[in-house]
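Have a look at the structure below, then the notes.
Just so we're on the same page: letters track the sequence lines, and every chain starts at 1.
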Number of protein chains: 2
Amino acid sequence: MATDSNAHILVVDDDREIRTLLSRYLAKEGYRVTTAADGREMRKAIDDWAIDLVVLDLMLPGEDGLSLCRSLRARSELPVIMLTARGDEIDRIIGLEMGADDYLAKPFNPRELHARIRAVLRRAGSLDRGERGSDVRFGDKPEVLVFEGWRLDLSARELTSPDGLLVPLSSGEYDLLVAFARHPTRVLSREQLLDLARGRDAQPFDRSIDVQVSRLRRKIERDPRDPRLIKTVRGGGYVFTPTIEKF
Amino acid sequence: MATDSNAHILVVDDDREIRTLLSRYLAKEGYRVTTAADGREMRKAIDDWAIDLVVLDLMLPGEDGLSLCRSLRARSELPVIMLTARGDEIDRIIGLEMGADDYLAKPFNPRELHARIRAVLRRAGSLDRGERGSDVRFGDKPEVLVFEGWRLDLSARELTSPDGLLVPLSSGEYDLLVAFARHPTRVLSREQLLDLARGRDAQPFDRSIDVQVSRLRRKIERDPRDPRLIKTVRGGGYVFTPTIEKF
DNA sequence: GCCGTTTGTAACAGGCTGTTACACAATTAC
DNA sequence: GTAATTGTGTAACAGCCTGTTACAAACGGC
């Protein structure tokens, strides 16, 4: 489990000033932070990164925070802390009924937010790598991903080869493969892969993804020296080339 | 992923003074900059270059900024920052609802613009070579380009010859071929090719495109000494001569 | 606590890319 | 027409990037 201070927080607020303020403060506290200005960006960020917790403004242009929160909740366990401009008790109740894990009225002390983030993360607690970075939060994504004859069972954390043989994967190999299979035909940087599969930031000269890719290829590529499923993009990262047939 | 300061910004404003002002400032900050005075020029620039972000004036002669922004958004993920003469809250909301990523009221401090560009680029984040330089931003992006019997699979990053053989391409050769195949029957300058395929500016006496073209020809031309697919235009650049049948 | 497994780091080998240099082709000047 | 000039093709090299292996540390089951 990622430590609290290592968690990846998504701040969703239309006010740029608040975004940068929170971003700086939370980064200083050791969190990884991504920001979004509206629902569309929020979904993209959740799609692209392994978000652990969302700080969501109640008032947003377009889709408002409450309906975003509800749509998040309908499909995932992703913790949400709501922000609102007024301290109305009504808003608070609505916010919590919409499934938010906690609630904070503006203006607030950043330390207060930090305290609530810690509390919510501790409560959410049981997050594991298999659920982190999950696309399943949006839409009815399946429990099994099928590609090129392979079957990746997300419930059982099992990979079955086209021959029907169970291929044993280490936990890290599995997480990496899930990260790939959830973002097919897209160049993923080593940084993104680290975040999606490990939930951590890259260190200088970090080669761990390269090595893990190599180990994964050994198990899933017909010819690891001429990989077809996971291709290298020099200077860019890696691409998972198959398209996913979902079941 | 291109670093922020390496990104290619398109400034769309009918006021020539503002164009040159912004152009100079952003160039000084390390961005590649192209300008356009109206919607037509904007589309041409997006067509010709690998634009990473558009700074778009709300008020334009002919098609106005809002509808341009909407039409951009309908077909692509290209980030947009809107400029407007007045700081009306109404404009702001409309701008963001039209899909702009951020909004700035004139008169503004160039540093403020720079800050927002950085923020938007960071958020857009997942830019990669496969998506950059896409001609297909206007229209549906096909997954496979077919020409003269060749098959260029954009998902698998694979090239198949008319004989059905898989032709191994290096990452750089692939990127260059994609740049060509997305701009067929059109003379592309070395500078444009560098931008489309590598996402960088040319340095004085830069011959890297020539060398890469030579390497690519060796793999795809029947007779590399008498190239038919990629022809040289003396003093102009290169043309990819086949027409593309999209699937 | 012991032992097998998994993961990160270091080291090396090989491939890819940009640069340079030179040969040759196209164009221009005379 | 010839010579000078400019532009292009490609070989060779150096540096960087990536794949793989080996090893040590960390982890987990018993």
Side-chain angles (χ1 to χ4, degrees), chain A residues 1-3 6 128-130 157 159 167-177 179 187-191 193-195 197-239, chain B residues 1 6 129 157 159 167-177 179 187-191 193-221 223-239:
Chain A
M1 173 173 50
T3 64
N6 195 18
D128 64 55
R129 294 267 146 68
R157 295 176 66 87
L159 178 67
V167 177
L169 293 181
S170 77
S171 165
E173 289 158 358
Y174 171 83
D175 289 341
L176 182 60
L177 182 54
V187 179
L188 297 170
S189 69
R190 288 169 176 75
E191 194 193 355
L193 288 167
L194 258 178
D195 184 45
R198 298 278 179 286
R200 67 173 174 86
D201 267 345
Q203 296 183 328
F205 307 107
D206 198 321
R207 300 289 309 282
S208 54
I209 285 296
D210 301 57
V211 177
Q212 202 65 298
V213 164
S214 168
R215 287 168 179 150
L216 188 52
R217 277 174 175 161
R218 214 177 300 159
K219 296 191 177 176
I220 67 173
E221 295 283 0
R222 183 172 297 275
D223 178 6
R225 287 162 307 177
D226 177 25
R228 298 295 171 86
L229 300 175
I230 302 175
K231 289 199 175 164
T232 305
V233 179
R234 178 178 244 262
Y238 298 93
V239 207
Chain B
M1 173 168 47
N6 195 18
R129 291 265 148 66
R157 298 174 65 90
L159 178 67
V167 178
L169 293 181
S170 77
S171 181
E173 288 158 359
Y174 170 83
D175 289 341
L176 181 61
L177 182 54
V187 179
L188 296 170
S189 69
R190 288 168 176 75
E191 197 193 353
L193 288 166
L194 213 49
D195 185 44
L196 292 166
R198 298 279 179 285
R200 67 174 175 87
D201 257 348
Q203 296 184 326
F205 309 107
D206 198 321
R207 300 292 308 282
S208 55
I209 286 297
D210 300 60
V211 177
Q212 203 65 298
V213 165
S214 168
R215 287 168 179 153
L216 187 53
R217 278 174 174 162
R218 216 175 297 161
K219 294 191 177 177
I220 67 173
E221 295 284 1
D223 178 7
R225 288 162 307 178
D226 177 24
R228 298 295 170 85
L229 300 176
I230 302 174
K231 289 196 177 165
T232 304
V233 178
R234 190 186 169 84
Y238 298 92
V239 206

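- Residue whose closest nucleotide on DNA chain C sits further toward the 5' end, between A:F205 and A:K219: A:K219.
- Screening B:R200, B:R190, B:R198 for a side chain to side chain donor-acceptor pair (under 3.5 Å) with B:S208, the sole residue that qualifies is B:R200.
- The nearest whole Å value for the distance from the CG atom in B:D223 to the C1' atom in D:dG9 is 13 Å.
- Note on B:R218: only backbone sugar-phosphate atoms sit closer than 4.0 angstrom, heavy atoms only; bases stay farther off.
- Among the heavy atoms of the strands lying under 4.0 Å from A:V211 is at least one base atom, whether or not backbone atoms are also near.
- Residue B:R198 places at least one side-chain N or O under 4.0 Å from the OP1 or OP2 atom of C:dG18.
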Would you check, one step at a time, whether the test side-chain contact (heavy atoms from CB on, under 4.5 Å) holds for A:E173 with A:L177? CA-CA 6 Å; A:E173 289 158 358; A:L177 182 54; over 6 Å; no
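- Taking 4.0 angstrom as the limit, A:R215 places none of its side-chain polar atoms (N or O) nearer than this to OP1 or OP2 of D:dG19.
- In this entry the distance linking CD1 of B:I230 with C1' of D:dT8 reads 15 Å, nearest Å.
- Atom CG in A:D206 sits about 11 Å away from atom C1' in C:dT7, given to the nearest Å.
- For the pair A:D226 CG and D:dT20 C1', the interatomic distance rounds to 16 Å; values are reported in whole Å.
- Residue A:S170 is classed as a sugar-phosphate contact, given heavy-atom separations below 4.0 Å to backbone atoms only.
- Checked by distance alone, B:R225 brings no side-chain donor or acceptor within 3.5 Å of a matching partner on the base of D:dG9.
- Donor-acceptor pairing under 3.5 Å, judged by distance alone, is absent between the side chain of B:R234 and the base of D:dT8.
- Within the 4.0 Å cut-off from OP1 or OP2 of D:dG19, at least one side-chain nitrogen or oxygen of A:Y238 is found.
- Rounded to an integer number of Å, the gap from CG of A:L169 to C1' of C:dT5 is 14 Å.
- Taken to the nearest 0.5 Å, the CD1 atom of A:I230 stands 4.0 Å off from the CG atom of A:L216.
- Heavy atoms of B:R217 sit under 4.0 angstrom from primed sugar atoms or phosphate atoms, though from no base atom.
- Of the candidates C:dG8, D:dC17, D:dG9, D:dG9 carries the atom nearest the B:T232 side chain, counting heavy atoms from C-beta on.
- Looking at the side chain of A:Q212, the nearest of the listed nucleotides C:dT7, D:dT20, D:dG9 is C:dT7.
- Side-chain N/O atoms of B:Q203 include one lying less than 4.0 angstrom from OP1 or OP2 on C:dT19.
- A side chain to side chain donor-acceptor pair (under 3.5 Å) with B:R217 holds for exactly one of B:D226, B:T232, B:D223; it is B:T232.
- No side-chain donor-acceptor contact under 3.5 Å links A:R234 to the backbone of B:S170.
- Atom CZ in A:R207 sits about 14 Å away from atom P in D:dC16, given to the nearest Å.
- Going from atom CG of A:L188 over to atom C1' of D:dT18 covers 17 Å, rounded to whole Å.
- Between the CZ atom of B:R157 and the C1' atom of C:dC16 there is a distance of 14 Å, rounded to whole Å.
- For B:E221 (side chain) and B:L229 (main-chain N/O), a donor-acceptor pair under 3.5 Å exists by modelled atom type.
- Applying the 4.0 Å criterion to OP1 and OP2 of D:dC17, one finds that A:R190 has every side-chain N and O outside that range.
- Here the nucleotide nearest the side chain of A:D210, chosen from C:dT7, C:dT17, D:dT18, is D:dT18.
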